Amino acid sequence: MNLKQIVLDKIKANGGWVNTHAHLDRAYTLTESDYKHTTAYLKAKWELVDEMKARSTVDDIYDRMARATEYFLEQGTQALGTFIDVDDVMRDKSIKAAQRLRDNYGKDLEIKFVNQVLKGVIDPVAKQWYDVAVQFVDIIGGLPGKDAGREAEHLDILLGTGKEMGKMVHVHVDQFNLPTESETELLARKTIEHGMQGQVVGVHGISIAAHDKAYRDNLYALMRKAELMMISCPAAWIDHDRSELLTPSHNAITPIDEMIPAGLTVGIGVDNIADIYKPFSDGDLWIELRLLLEACHYYNIDELVKVATVNGRKILGLK
Ligand SMILES: [Zn+2]
């Protein structure tokens, strides 16, 4: 019984992989000189990429995105969602590269672009670039952790834009594996408040499993009500730093073993590739799925195939 082959054949029969989350404009940017940054804290990395972003040309960015896209095509990928940085450092360079990527590869696979807001959306300069980005992208992107203390306001801006422009919203939430984080819950509440049910996706949700079971069960019920979907990027988060904090024992991963039986839609993404965030990540979708099923002890093959295919289409807003 070759389980890998069985899963891969079923993924192929469903049209191929759907990679719902990436940052292709930063793929393959790791250099010898910035290798030292790979052990920095995540929030520091949000700024440490500035130098690389400033020096990258549109051609550089396009080449990185194209190289990664070729690799996804090699793996039999039918659709791809990728964030692109649009801020006062990257300016509109990633938008130009993304347009070229769509022009050259749009016939080979479906591509959805999402704006990354590494400078937040509240600072006036950051907001100006956000306003530029939302015109171009297919899906509105968010990172409430960047506007810490004002997360609700951050989400109001994203969801307001999504509703006004008829675009879906993808938001990085609960990334730090801490029971003090509850961004997925806030996102679900805000989704209902803005009437955006079925249009919103949480990315990561690692901290969910750091909460007790009663909290998690209530959260899943709330997420069902909000029709909030979830993306898991296994390799990007399994590496959380050791902590002395006592929490229910769990792996640092989106708890899909609970979410799928709870009736939630979950997809998979590769997140960062060979940059200071994830130096060893290479965008191999099988490795990501394998890690997800192992870390969640989740062996339902048909559901895993859905995670890798049809769920991803729903998450990217594809028919
Ligand atoms: Zn991301």
Side-chain angles (χ1 to χ4, degrees), residues 18-30 37-38 40-50 52-53 61 64-65 68-69 72 79-87 89-90 94 98 111-121 130 133 137-148 151 154-155 158 168-177 181 183-184 187 200-208 228-240 252-254 266-283 285 288 291-292 312 315-316:
V18 178
N19 176 13
T20 60
H21 188 77
H23 293 269
L24 296 191
D25 54 343
R26 282 189 238 131
Y28 315 111
T29 51
L30 187 68
H37 296 324
T38 56
Y41 188 58
L42 178 67
K43 286 192 175 179
K45 288 179 179 177
W46 290 349
E47 313 298 332
L48 283 168
V49 289
D50 275 350
M52 174 276 295
K53 282 160 60 180
I61 300 163
R64 301 193 296 244
M65 297 180 90
T69 301
F72 292 125
L80 164 70
T82 180
F83 274 62
I84 53 171
D85 291 327
V86 184
D87 51 47
V89 180
M90 192 60 117
S94 285
I111 308 174
K112 294 283 184 184
F113 294 110
V114 197
N115 57 306
Q116 174 65 318
V117 290
L118 276 184
K119 307 295 177 190
V121 295
Y130 169 82
V137 293
D138 308 288
I139 297 170
I140 310 301
L143 178 67
K146 185 58 206 179
D147 287 321
E151 289 90 346
H154 182 107
L155 294 178
L158 308 180
M168 290 182 78
V169 178
H170 283 205
V171 188
H172 294 85
V173 283
D174 280 341
Q175 305 188 99
F176 293 96
N177 201 24
E181 264 194 328
E183 291 175 345
T184 309
L187 181 60
V200 181
V201 180
V203 188
H204 307 318
I206 308 302
S207 297
I208 295 168
L228 178 63
M229 297 177 273
M230 208 72 205
I231 294 171
S232 178
C233 299
W237 297 96
I238 201 74
D239 63 353
H240 261 289
I253 196 152
T254 322
V266 183
I268 195 165
V270 302
D271 214 348
N272 299 61
I273 298 173
D275 59 11
I276 63 164
Y277 289 79
K278 293 301 301 179
F280 286 87
S281 277
D282 63 0
L285 284 153
E288 298 294 338
L291 189 56
L292 180 65
I315 282 168
L316 294 179

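As the structure lists them, so they are numbered: ligands from 1, and atoms in each ligand from 1. What you see is a predicted model, and the numbers here were worked out from it, not measured in a lab.
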field: Any residue meeting side-chain hydrogen bond (donor to acceptor under 3.5 Å, both in side chains) with Asp138, in chain and number order, not counting sequence neighbours
entry: Arg102

query: Is the closest basic N to carboxylate O distance between Lys53 and Asp87 below 4.0 Å?
result: yes

message: Under 4.0 Å between a side-chain nitrogen and a carboxylate oxygen: does that hold for Arg26 and Asp85?
response: yes

- prompt: For the residue pair His172 and His170, is the inter-centroid distance of their aromatic rings smaller than 6.0 Å?
  reply: no

- prompt: Cationic tip of Lys43 within the cone over Phe176's six-membered ring, i.e. under 6.0 Å and within 45° of the normal?
  reply: yes

- request: Indicate yes or no: does Lys146 engage Glu151 in a salt bridge with an N to O separation below 4.0 Å.
  value: no

Under 2.8 Å from the Zn ion (ligand 1), the protein N, O or S atoms, given as residue and atom: His21 NE2, His23 NE2, His172 NE2

